[in-house]
Each structure stands twice: as structure tokens, then as C-alpha cells.
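Inspection log for the structure reproduced underneath, given as C-alpha cells.
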2 protein chains.
Amino acid sequence: MQATSAAEDYLKAIYHLATEGESVTTSTIARRLGVSAPSVSAMVKRLEAGKLVVRRGEGGLVLTAGGERQALRVVRRHRLLETFLAEVVGVPWDEVHDEAEVLEHSLSDRLEERIDALLGHPAHDPHGDPIPPRSGPHDERWADPLTAAPTGARFRIERVSDRDPDALRYLAGIGLRPGVLVDVGARAPFGGPLWVTVDGAEHALGTQLTNLLHGAVARAAKKPTRRTR
Amino acid sequence: MQATSAAEDYLKAIYHLATEGESVTTSTIARRLGVSAPSVSAMVKRLEAGKLVVRRGEGGLVLTAGGERQALRVVRRHRLLETFLAEVVGVPWDEVHDEAEVLEHSLSDRLEERIDALLGHPAHDPHGDPIPPRSGPHDERWADPLTAAPTGARFRIERVSDRDPDALRYLAGIGLRPGVLVDVGARAPFGGPLWVTVDGAEHALGTQLTNLLHGAVARAAKKPTRRTR
DNA sequence: GTTTGTTGTTAGCCATGTCTAACGTATCGA
DNA sequence: TCGATACGTTAGACATGGCTAACAACAAAC
């Protein structure tokens, strides 16, 4: 089954919900894509007919091998395009997602190949998301959320969710990008902000922002400064 | 009226037919786009409702000011993309048209601007076609066809029609690109080939090829410069 | 003058993808 | 136990954009 542009969007949404650990149901897909529940019902029926998804009792929908292959193809094109737009065209960090979102459906295999080669077969896009290979296994696992890091730890940002341009612009403004090390400070109680130190400056991040940041504890730092590689 | 992707294709086809001096009718559009006549009838009705085309007795269809504006936007994006793909991505001459054909419908204004600036606001695409400005007047006039050049003249190629990849590949192979000077030789009668000298080598071009080449006589050469035989 | 071909339109069908309205189930609180 | 809330589906509508079949009108050919 050759997926249409709309079907590709659904497959991608299902893939993302699954890898994020969310349940994959009519309503979660509808929320994610901003469409009505009956629209999802209809599309899921088409995807089932095309053997791209199946229903697993309880959990909801699961991609078949073919469905996952198609989803990964779209994800690959999306992330390659993001990388290309950022590195070659000079599109700012916070804009690449939206541009890639529309272009990903009209990128030919041939052009995808060329872009991939031009970029030197990158492994990650500008937000730190792994770029699936053209074929073969792919590991989409997310690193730990920043919120899981203990106070006093030094945390290395690995991925920054690319969905909210305004948030991305703000995070880039204070230097929070993949690869950056931050010191995790105090956490205000009852959903209050988390204090972090980036580049020597302290910032209070609300939950809306901390949820976007994933990475790993680099060292359970006790001492405040001293930069190591 | 915000044109859909399909409507953009029709507007572009109408624009091209008109500027090429062809009649703009249901059947010529259908032939150009490879769709059935009733499909054209239906789309023309929608375009008329959207005030993008009007019927002129006899000649057929004519773009309104708004229709031409939209057609030029698509043509601009197409030619900018061709230039971008060729110069920045390294896509071969004969492939850029097909790639641009699909991407042109999903290029945002913002990205179009960036690409235009990155390229230094080019005036022509790789085939020599003029890139319409974002707004303001645009001159699409085609130069004279090579077939109009007298025997013995030196002819400067300005535009090479980009529609046939195989022909383009062949022409590129023998050095026939925009900006190149050719010496027009003998013309075989009854639709026979036209002999031209490019880069010191003589080639016989069939009408299928000569129709793709447009330019201007650079000098009405009388003496067969040592290159010609 | 009749036939034949070109041209354009209608009529009718289909697939895709969206929507709202309405209707079942379940589940959870009060 | 009853009602509110969430979830999913069906029914029915609409826009878009394609198709074939059939027909009307006209011009050129015989």
C-alpha cells in the first residue's frame, strides 16, 4: 500500500505516540493531529485494510512491520530535512520543524539520498533526534527527562522536543541545545520551576519547558564549577 | 482564492501555454497535464468561480490578474527550486525539473525567501528560464527558436526547455547549455536534421531537439570560421 | 450531403479526507 | 444506583479531483 500524504501523517503520529510510551487510540491520535475522532476512525480503517496497523486488545493500535517501515521512512525524511535546512540553508532552529513537516511528503527517494550524502549521513537532527537508517534497525529510545535528574547533578542535554517553536526559541536563547551540560539546581515544590545553570547563568524552567528536555546525568556533581570534557 | 496544489498545476499550465503562444483550451490543457477533458472542464469551472481565469471568445481561456499572480508565484518557486537544487544540492541538470515539480507546491514563502537570498537573487534558472520576481512585472518572452537562425549564423543559446530529461541529458552531453555559442550549419530538407557546431564538434539535431533550443543570433557569420567545414 | 473527427460539456461514479450529530459503552463519583 | 464524562463508532454531508460514457456542435473529407 502506497501511503498518501495524510496516511503518512497518521503513521508518523502512531509511531511517535508508541515510542513516547503513550497509548495509541483513536482519541490520542485525534488530539495529536488536531482532527476529529471520526476522521481517525475512518483513516484507521483504511490503514487496517492496507495492513499497516493492527488492533491489539487493550493497548490500542500497533504498526505492522510494513506500517513501521513506512513510518520510519517519513521520520527519516523529516529529520534529514531538518538537518539539511538548518545546516545548508541556514533556517533557524525553531523553524525547521514546520518546514520539514510539509516538505517530508514530497521528497523523492533520489533527493533524499543526495541530501543524506551531502550532509555526510548524519546520525542526529538539530534537536538531537536520531535519524533512522534507510533500512535496518533503528533505536528511537528517548533518554531520561531532565525532570528525573537529581538536584546537584550535571546533566547533558541530548534531545530537545521540536514541537513548540516559541519554546525552542526561548531555549536556544539561553543556550539550551543538544550537547550542552547543565547543572540541576533546586526544584520548587508543587509543580514549581526547576532551577538550572547553563553557561554560568541561572534560569527557572517551568514544567512546560522541562518536559521538552531529555538527556542523561553526566556526573552526580557536588562542586558547582569546573568544566570537563 | 487560495489555490490547491492541483489548481496551481492548472494555472501554471495555462500560463505556459499562453506564453508559448499556444491556444489555451480544454483540450490543450488536458494534453499538457495528462488528464481527461472532463477533468479540465470541472477545474476550469472552479477557477472561474475563484476569479482566476475568464473565457475570451475564440482564443479560449485567459488568466485574470489574480490568476496570473498565482501562476507566477508557482513558476517562481519552481525555477528557484531548480536553481537551488542544481547549485546547492548538486542535482544534475536533467533531474531538477521533476524534483521541483513536486516540491514547488509545499514551499513556504519564508523558505522561498531564504533560498532566494542564499542564491543571491538569481535572474535565471539552470535552463535559462527567467525567474519571476516576488512581485512586480515579469517578462517571460521566449527568445527566437534555433530553427529560425539562418545557415552560417552564430547563435547564442539562451533557454533550453526543461521538459524532457532524456533530451536534456543528451544536450548537456554535447555541451548545449544556456550561454553557449553554436554555429548553425546546413539544414537537411523535409524535416531533416539541422547541423550545428558546438565546441568544434558537429552534431545533427532532429526537430525534437531543435524545438527545445531558443536564443538569439550573435552574429550573422558569413565566413565559415575555421571551426565549420 | 453524409460521414467522420475534433471539441467541449453533462451525467454519473469513485476515492480521499474532512466535518457534525447521534448513539452506544464504560467507568468513575456522588 | 444514577448520572456525568470519556471513548469509539456509525450515519450523513461536503469539497476536491480524478475517471468513463454519452451527447451536442462544428468542420473537414468524401
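Convention: sequence-line order gives letters A, B, ...; per-chain numbering from 1.
Atoms CZ (A:Arg55) and P (D:dC7) sit 16 Å apart, rounded to a whole Å. D:dT9 atom C1' lies 15 Å from atom CZ of A:Arg46, rounded to whole Å. In this structure, NZ of B:Lys45 is placed 14 Å from C1' of D:dG17, rounded to the nearest angstrom. Straight-line distance from the CD1 atom of A:Ile29 to the C1' atom of D:dG8: 12 Å, rounded to whole Å. One can place CZ of A:Arg32 at 15 Å from P of D:dC7, the figure rounded to the nearest angstrom. Per the geometry, OH belonging to A:Tyr10 stands 8 Å off C1' belonging to C:dG17, to the nearest Å. Atom P of nucleotide D:dT16 and atom CD of B:Glu8 are separated by 14 Å, given to the nearest angstrom.
Distances shorter than 4.0 Å separate none of the side-chain N or O atoms of A:Ser36 from OP1 or OP2 on C:dT18. Neither OP1 nor OP2 of D:dC7 sits under 4.0 Å from any side-chain N or O of A:Thr25.
Put simply, the side chain of B:Trp93 never gets that close to the backbone of B:Leu168: no donor and acceptor are under 3.5 Å apart. In this structure a side-chain-to-backbone donor-acceptor pair under 3.5 Å is present from A:Thr64 to A:Lys51. The backbone N or O of B:Pro38 lies less than 3.5 Å from no partner atom in the side chain of B:Ser41, so there is not a single donor-acceptor pair. A side-chain donor-acceptor contact under 3.5 Å links A:Arg79 to the backbone of A:Pro130.
Among D:dA21, C:dG17, C:dG8, the nucleotide with an atom closest to any side-chain atom of A:Met43 is C:dG17. Among D:dA21, D:dG18, C:dT18, the nucleotide with an atom closest to any side-chain atom of B:Ala6 is D:dG18. Closest to the B:Thr4 side chain, of the nucleotides C:dC19, D:dT10, D:dG17, is D:dG17.
Backbone-only engagement by A:Ser27 is indicated by non-hydrogen atom pairs under 4.0 Å involving sugar-phosphate atoms exclusively. Residue contacts shown for B:Ser39 include a base, since a base heavy atom lies under 4.0 Å away. B:Ser41 comes within contact range of at least one nucleobase, with a heavy-atom separation under 4.0 Å. As judged by a 4.0 angstrom heavy-atom cut-off over every strand, A:Val40 is placed among residues making no nucleic acid contact.
A:His78 and A:Asp125 form no side-chain donor-acceptor contact under 3.5 Å, judged by distance and modelled atom types alone.
In terms of position on DNA chain C, the residue among B:Arg31 and B:Pro38 whose nearest nucleotide sits closer to the 5' end is B:Arg31.
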